[in-house]
Protein chains: 2
Amino acid sequence: MQISSAESMLMQALWDRHPQSADELIRTLGPAQGWHESTIKTLITRLLQKQAIVAEKDGRRSLYAPLLTRDEWIADQSESLLDRVFGGRVAPLVAHFAEHRKLSRKDLAELKQLIAEIDDAD
Amino acid sequence: MQISSAESMLMQALWDRHPQSADELIRTLGPAQGWHESTIKTLITRLLQKQAIVAEKDGRRSLYAPLLTRDEWIADQSESLLDRVFGGRVAPLVAHFAEHRKLSRKDLAELKQLIAEIDDAD
DNA sequence: CTGCATGGTTTACATCCGTAGACTTTCGGC
DNA sequence: GCCGAAAGTCTACGGATGTAAACCATGCAG
């Protein structure tokens, strides 16, 4: 089951903090995304159907929490880009960002660090 | 205007070789993607509408060529993932692939090379 | 007890997408 | 000049998505 782009905004909110009531989601996401109350209700319903979140009763209302983990989602999205766009190879992807000067000095440092670690682990 | 996933398959074919006639596209993509002739015709039409490709008359038929460049598309797709999933930062993205052992030895070598080059250019 | 607020469910609707059939136009061969 | 194949255009249709209104249930305040 696929999480749509609007739905993923709601997931992000829940990954950042959970559980949250519909009301909380509405109050934070509404303004942030320019969504009406109903829109958020719909997204909640769809995410429940997709079993990306669960509802836990808390008296009259429900508290929602993610079922799909952020990591699973990130992995999924990344895989998809990698396969669709870069033929499954990582280096071209990084090269792309490098060429387009999307690599900040900090990114570079982190990358070096990362590569060193991987080398060590090898 | 957004290029859909099926449409991007057709774009890939045109980026690899252009111009191509509808017939050629049908004969290569049809089997490869399991698409019927009509499907490919539709995709061509939609891509023309989206101005992602152009038609150049060649007698009775047309030859199609990309207008949107592969690089533009790649940049677009990558940006989108980066923003939607990684908050716009590259290192976490690469870290993700590293953690999930998606980095082949070859990727690693290429990455090191890449970083060295960037460092030099600095 | 009873109506209202609050939260949840149903319905709505335009657009995009994947997939494809039907119809139309036109050029080249007979 | 006419007909059929090839190319292109129009129509279709179900599912997903973005966006939201309408409606329903239910427990709390009065």
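Each chain gets a letter, A, B and so on, in the order its sequence line appears, and its residues count up from 1.
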* So which heavy atom on A:G30 is nearest to which on A:I40, and how close? -> N-CD1, 3.5 Å

* Asked: OG of A:S21 to CZ of A:R60: how many Å apart, nearest 0.5 Å?
  -> 11.5 Å

* Structure fact -> With a 4.0 Å cut-off (strictly under) to non-hydrogen atoms of chain B, the first and last hit nts on DNA chain D, 5' to 3', are D:dA7 to D:dA12

* How many Å lie between CD on B:Q49 and C1' on C:dG18, as a whole number? -> 15 Å

* Tell me the ring-ring contact (aromatic ring centres under 6.0 Å, His included) pairs involving residues 14-40 of chain B, sequence neighbours left out? -> B:W15-B:W73

* What's the spacing between A:L47 CG and A:I44 CD1 if we round to 0.5 Å? -> 8.0 Å

* Asked: Who are the salt bridge (charged side-chain N to carboxylate O under 4.0 Å, His left out) partners of A:E24, not counting sequence neighbours?
  -> A:R17

* Asked: With side chains defined as the heavy atoms from C-beta onward, is the minimum distance between A:L93 and A:R89 less than 4.5 Å?
  -> no

* Structure fact -> Heavy-atom nearest pair, A:A13 first then A:L25, reads CB-CD2, 4.0 Å

* Asked: Hey, are the side chains of A:V85 and B:L81 touching, using non-hydrogen atoms and a 4.5 Å cut-off?
  -> no

* Which sits closer to the 5' end of DNA chain D, A:G34 or A:Q2, going by the nucleotide each is nearest to? -> A:Q2

Sort me out a list of protein N/O and nucleotides 5-9 of chain C N/O pairs below 3.5 Å, or just none if empty.
residue: C:dG8; atom: OP1; partner: A:S62; partner atom: N; Å: 2.8
residue: C:dG8; atom: OP1; partner: A:S62; partner atom: OG; Å: 3.1
residue: C:dG8; atom: OP1; partner: A:Y64; partner atom: OH; Å: 3.2
residue: C:dG8; atom: OP2; partner: A:Y64; partner atom: OH; Å: 3.4
residue: C:dG8; atom: N7; partner: A:K41; partner atom: NZ; Å: 3.1
residue: C:dG8; atom: O6; partner: A:K41; partner atom: NZ; Å: 2.9

* Asked: So which heavy atom on A:P19 is nearest to which on A:L63, and how close?
  -> CB-CB, 3.7 Å

* Heavy-atom pair with the smallest gap, counting every atom of A:M11 and A:P66 -> CE-CB, 4.1 Å

* To do: Looking at every strand, decide which applies to B:S4 at a 4.0 Å heavy-atom threshold: base, sugar-phosphate, or nothing.
  => sugar-phosphate

* To do: Specify the separation, in whole Å, of atom CD1 of B:I3 and atom P of C:dC17.
  => 9 Å

* So, does the side chain of B:R46 form a donor-acceptor pair with the base of C:dT19 at under 3.5 Å? -> yes

* Asked: Should stems be defined as at least three consecutive Watson-Crick or G-U pairs with both distances under 3.5 angstrom, which of them involve DNA chain D?
  -> C:1-30 with D:1-30

* Whole angstrom value for the distance that separates C1' of C:dC17 from CG of B:L43 -> 9 Å

* Structure fact -> Heavy-atom nearest nucleotide on DNA chain D taken for A:M1 and for A:H36; more 5' hit belongs to A:M1

Side-chain donor-acceptor pairs of residues 48-58 of chain B under 3.5 Å, sequence neighbours excluded:
residue: B:K50; atom: NZ; partner: B:Q2; partner atom: O; Å: 2.6
residue: B:K50; atom: NZ; partner: B:E7; partner atom: OE1; Å: 2.8
residue: B:K50; atom: NZ; partner: B:E7; partner atom: OE2; Å: 3.2
residue: B:K57; atom: NZ; partner: B:S62; partner atom: OG; Å: 3.1
residue: B:D58; atom: OD2; partner: B:R61; partner atom: NE; Å: 3.3
residue: B:D58; atom: OD2; partner: B:R61; partner atom: NH2; Å: 3.4

* Give the rounded distance in Å between these two atoms: CG of B:L29 and C1' of C:dA20. => 16 Å

